[in-house]
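Owing to the predicted nature of the structure, the values given are computational and were not obtained by experimental measurement.
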Amino acid sequence: MITPPAHALLHWYDRHRRTLPWRCTEGETPDPYRVWLSEIMLQQTTVKAVGPYYLRFVEKFPTVQALAAAPRDDVLAAWAGLGYYSRARNLHACAQAVAALGGFPRTVEGLRALPGIGAYTAAAVAAIAFGVPVVPVDGNVERVTARLYNVQDPLPAARKTLAQLASGLNADAPARARPSDFAQALFDLGSSLCSPRQPACGLCPWQGTCAGYAQGMAATLPRKTPKAERPVRHGVHFMVMDAAGHVLLRKRPETGLLAAMTELPGTAWRTEPWAEAEALAQAPTTAQWARAGVVKHVFTHFTLYVVVYAARVERFANTDVAQGFLLPVTQAKTASLPSIMQKCMTAGYDFLHRA
DNA sequence: AACCCGTGGGC
DNA sequence: TGCCCAAGGGT
């Protein structure tokens, strides 16, 4: 087993490292809070999508103490649109735990025990913020490793093997001297040269020791077992606005999909499409409901079609409002809604302003 | 172990 | 358009 030379990767990194909002320049001391925050946001989420959210968060919550002291709903609101909302709830719980501890644990095991921090994030924060010589294994590192060692076993079954192989990548002295840079160099290598589709092996600092390249297999790795088909579900949501321009919203349950997030009132999301009469029986108020449109939204494990019904009323009855809360439509249009509800809101709003 | 949990961009 | 992918974690 040949360990690729860390000095070659680090030399490449010193010339080509990305400038990112959460990344220190050379010589700067990393802020563990910012490292941790960025790592949580970057879970299954692109650098481009995270950028504006990260900047807004550090402005609104400059320290882990500030985040811990903030109301949970403020944190959820700041997260709205970024997806995987359990991250936001765990982020807040983690901030409170860290504030109680007086600071972030400096070891992998200590970090791993905190909410929302798994094996990857614990290693990433330990390496980047505290200089612990560990290799965080994310999708990038799995891909780089699968290619370096020509691992043919498909993911996700090969995950343990890849983690084991990756853990040896920092075995030599140059890597152990710069744990933070070495981890980030692996990310940059994976996101640029060693990319999923068309790796630029001709420019790679590790080409000489890459078994996948030697076998002409690099671009095909890592292999993956085919995913199950994505089922379809159907739901109906209702947008109703009063003469003063208020829209009726409600809060979703504390657990499950889009937990604790805001939504338009609606039906369950089920396999069978809803007949109109059946759906209208669940409308939040009596009104002249009109079919405003259909919204399609793709979640990780199912595709959702939502029929949006819209209506105007003069004013809401107290019993209507008791189901949720009212918000001026001008705020709702730009408010802290999950993306699917943002789409529904737009569909209803556009319809009411056309009709 | 297998499933649940979002979203937007690239090709 | 449809599919793949992204600095994964919890249960």
* **Nearest listed nucleotide, side chain of A:H297, among B:dT7, C:dA6, B:dG10** => B:dT7
* To do: Select one nucleotide: of B:dG8, C:dA7, B:dC5, the one nearest the side-chain heavy atoms of A:T46.
  => B:dG8
* More than 12 foreign heavy atoms under 6.0 Å from NZ of A:K251: is that the case here? -> yes
* Select one nucleotide: of B:dT7, C:dC5, C:dG8, the one nearest the side-chain heavy atoms of A:K224. => C:dC5
* To do: Consider the side chain of A:Q44, meaning its heavy atoms from C-beta on, and name the nucleotide among C:dA7, C:dG2, C:dA6 that approaches it most closely.
  => C:dA6
* Asked: When you look at CZ of A:R315, are more than 12 heavy atoms from neighbouring residues, nucleotides or ligands closer to it than 6.0 Å?
  -> no
* Asked: Is A:D153 paired with A:R159 through a side-chain N to carboxylate O contact shorter than 4.0 Å?
  -> no
* To the side chain of A:L257, which of B:dC5, C:dC5, B:dT7 is closest? -> B:dC5
* To do: Check every strand shown and say whether A:T121 touches a base, only sugar-phosphate, or nothing at a heavy-atom separation below 4.0 Å.
  => sugar-phosphate
* On a plain distance test, is the side chain of A:T300 in donor-acceptor contact with the base of B:dG6 below 3.5 Å? -> yes
* Asked: Does the C:dA7 base have a donor-acceptor partner in the side chain of A:R18 within less than 3.5 Å?
  -> yes
* To do: Could you give the distance separating C:dA7 and B:dC4 at their P atoms, to the nearest angstrom?
  => 24 Å
* Structure fact -> Against the side chain of A:L42, the closest entry in B:dC5, C:dA7, C:dC5 is C:dA7
* **Options C:dG10, B:dG10, C:dG8, nucleotide nearest the side-chain atoms of A:N90** => C:dG10
* **Options B:dC5, C:dA6, B:dT7, nucleotide nearest the side-chain atoms of A:S339** => B:dT7
* To do: Check every strand shown and say whether A:A259 touches a base, only sugar-phosphate, or nothing at a heavy-atom separation below 4.0 Å.
  => nothing
* To do: Under 4.0 Å between any heavy atoms, over every strand shown, what does A:P115 touch: base, sugar-phosphate, or nothing? Just pick one.
  => sugar-phosphate
* Asked: Hey, are A:N150 and A:Q152 close enough side-chain-wise for a donor-acceptor pair under 3.5 Å?
  -> yes
* Tell me yes or no: between the side chains of A:R87 and A:Q43, is some donor less than 3.5 Å from an acceptor? => no
* To do: Using a 4.0 Å heavy-atom cut-off across all strands, classify A:K343 as base, sugar-phosphate, or nothing.
  => nothing
* Asked: Looking only at N and O atoms, is any donor in the side chain of A:T45 or the base of C:dG8 less than 3.5 Å from an acceptor on the other one?
  -> no
